[in-house]
Amino acid sequence: REALLLRAAEEVLLPLARLCVAQGLHFAKAEELFKRAYVRAARERRQATGDGAVRDVSQVATATGLSRRDVARIGAELAPRALQRMTPATQLLTRWLADRSLRHRNGHVRKLPRQGPAPSFEAMAQAVTKHVHPRSLLDEMLRLGLVKLADEGASVVPLPVRVVPEADEARLYGFLAANVGDHLAAAVSNVLHRDRRHLEQAIFSNTISGASVPAAQELVAAQWTHLLAALVPALEGLIEQDGAAGRAPDHRLRVGLYAYHEPLPAPPVAATE
């Protein structure tokens, strides 16, 4: 089992190492992050079993292989994990893309009048938040490349292919941490608990050509559009039912879809004498 774990861990760590190397993050800093993750994971495991904080440093050091000094130092520095929050811009775009009444018959998302009664960008912005002026929200979405203006500024057009905002590095890295983190957490939980409590599936092919990849990407994007339109109203309905029934909002949920492609490795060249 340890050999299998090491092989899986290397595959999982490789993309993260590519990012760290590309961004110039030296190994010493990454190693410190891994130590922090080990301490946090060990503490979470102890709390889950009801061990609490009794002999915490010694027990965590034993479970992780770290020194007691490292465990004590890191434990004193650990802060609660921050949850990713939906911004008004993300909420508005998600609601816009998911609303079937705001689509043409061919499935394309309709542009909205910038101002006026619903359906308009102004009305949707006011429905999403009362704390941000529609004009300020529009300016932020334009900055992030989520929308563009049309009809000499009288209409707003969504740009769904730019949901990951290139102009906002904080949110770009935030999506990386939240989406990949939750995907990995789902897969790890399924392995640890030996069940399928989290949906975690994939379709893959090792026999497609590079020329066919763009067409496959279009198919995946279309499926995400269908999923978004079906799930968002249904989830909003469940949340409304929870509120009406007085159920506590004590869980979070993330549903995602990903596609990845890369060239196959070249076959090894036979050695010659």
Side-chain angles (χ1 to χ4, degrees), residues 1-48 60-61 63-67 70-71 73-87 90 144 161-193 196-206 210 213 216-217 220-221 224 252-266:
R1 181 176 295 178
E2 183 175 285
L4 294 174
L5 173 59
L6 288 172
R7 189 181 308 163
E10 185 173 7
E11 289 296 320
V12 169
L13 288 172
L14 179 57
L16 183 59
R18 289 173 182 156
L19 175 65
C20 293
V21 171
Q23 299 296 337
L25 184 68
H26 288 178
F27 176 75
K29 291 185 177 180
E31 182 183 32
E32 176 66 13
L33 290 178
F34 211 34
K35 287 182 179 180
R36 292 167 64 88
Y38 257 65
V39 171
R40 193 185 294 275
R43 282 190 163 179
E44 288 177 353
R45 187 174 181 85
R46 284 175 52 76
Q47 291 170 0
V60 170
T64 61
L66 295 171
S67 69
D70 272 345
V71 171
R73 173 182 59 81
I74 293 170
E77 297 171 353
L78 284 181
R81 295 173 60 197
L83 294 179
Q84 187 187 40
R85 304 289 183 182
M86 285 191 71
T87 65
T90 304
L144 295 175
V161 296
R162 295 285 300 279
V163 170
V164 178
E166 296 178 2
D168 191 334
E169 282 205 343
R171 293 188 64 222
L172 192 65
Y173 279 91
F175 279 125
L176 168 66
N179 292 340
V180 177
D182 278 352
H183 187 172
L184 183 56
V188 168
S189 179
N190 288 344
V191 170
L192 291 179
H193 297 285
R196 307 301 299 177
R197 62 184 59 193
H198 304 288
L199 178 66
E200 203 272 320
Q201 300 286 325
I203 301 170
F204 65 94
S205 171
N206 292 333
V213 166
Q217 289 177 311
V220 173
W224 174 249
R252 65 183 187 90
L253 172 70
R254 184 183 300 270
V255 179
L257 179 70
Y258 75 94
Y260 177 74
H261 64 89
E262 67 176 0
L264 289 172

From the list Val71, Leu66, Asp70, side chain to side chain contact (heavy atoms under 4.5 Å, CB included) partner of Val60 resolves to Val71
What's the spacing between [X] [atom1] and [Y] [atom2] if we round to 0.5 Å?
{"X": "Leu6", "Y": "Arg1", "atom1": "CG", "atom2": "CZ", "answer": "13.0 Å"}
{"X": "Arg45", "Y": "Leu192", "atom1": "CZ", "atom2": "CG", "answer": "7.0 Å"}
{"X": "Leu14", "Y": "Arg18", "atom1": "CG", "atom2": "CZ", "answer": "4.0 Å"}
{"X": "Arg196", "Y": "Gln201", "atom1": "CZ", "atom2": "CD", "answer": "5.5 Å"}
{"X": "Gln23", "Y": "Tyr173", "atom1": "CD", "atom2": "OH", "answer": "3.5 Å"}
{"X": "Ile74", "Y": "Lys35", "atom1": "CD1", "atom2": "NZ", "answer": "6.5 Å"}

ask   = Any chance CD of Glu77 has more than 12 other-residue heavy atoms, nucleotides or ligands included, within less than 6.0 Å?
value =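 Result for CD/Glu77: enclosed.
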Does the pair Arg7/Glu2 count as a salt bridge with the N-to-O cut at 4.0 Å?
-> no
[X] and [Y]: which non-hydrogen atoms are nearest, and at how many Å?
{"X": "Ser189", "Y": "Arg197", "result": "OG-CD, 3.4 Å"}
{"X": "Val12", "Y": "Leu184", "result": "CG1-CD2, 3.9 Å"}
{"X": "Asn190", "Y": "His198", "result": "ND2-O, 2.9 Å"}

I want to check something: taking the side chain as every heavy atom from C-beta on, are Val255 and Leu199 in contact at a cut-off of under 4.5 Å?
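No - every pair of side-chain heavy atoms lies 4.5 Å or more apart.
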- What residue pairs, at least two apart or across chains, pass ring-ring contact (aromatic ring centres under 6.0 Å, His included) with a residue in residues 14-34?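 Checked against ring-ring contact (aromatic ring centres under 6.0 Å, His included) - neighbours excluded - the pairs reaching residues 14-34 are Phe34-Tyr38.
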#### Entry: Sequence-distant partners of Tyr258, ring-ring contact (aromatic ring centres under 6.0 Å, His included), two or more places apart
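For Tyr258, the residues satisfying ring-ring contact (aromatic ring centres under 6.0 Å, His included) (neighbours in sequence not counted) are His183.
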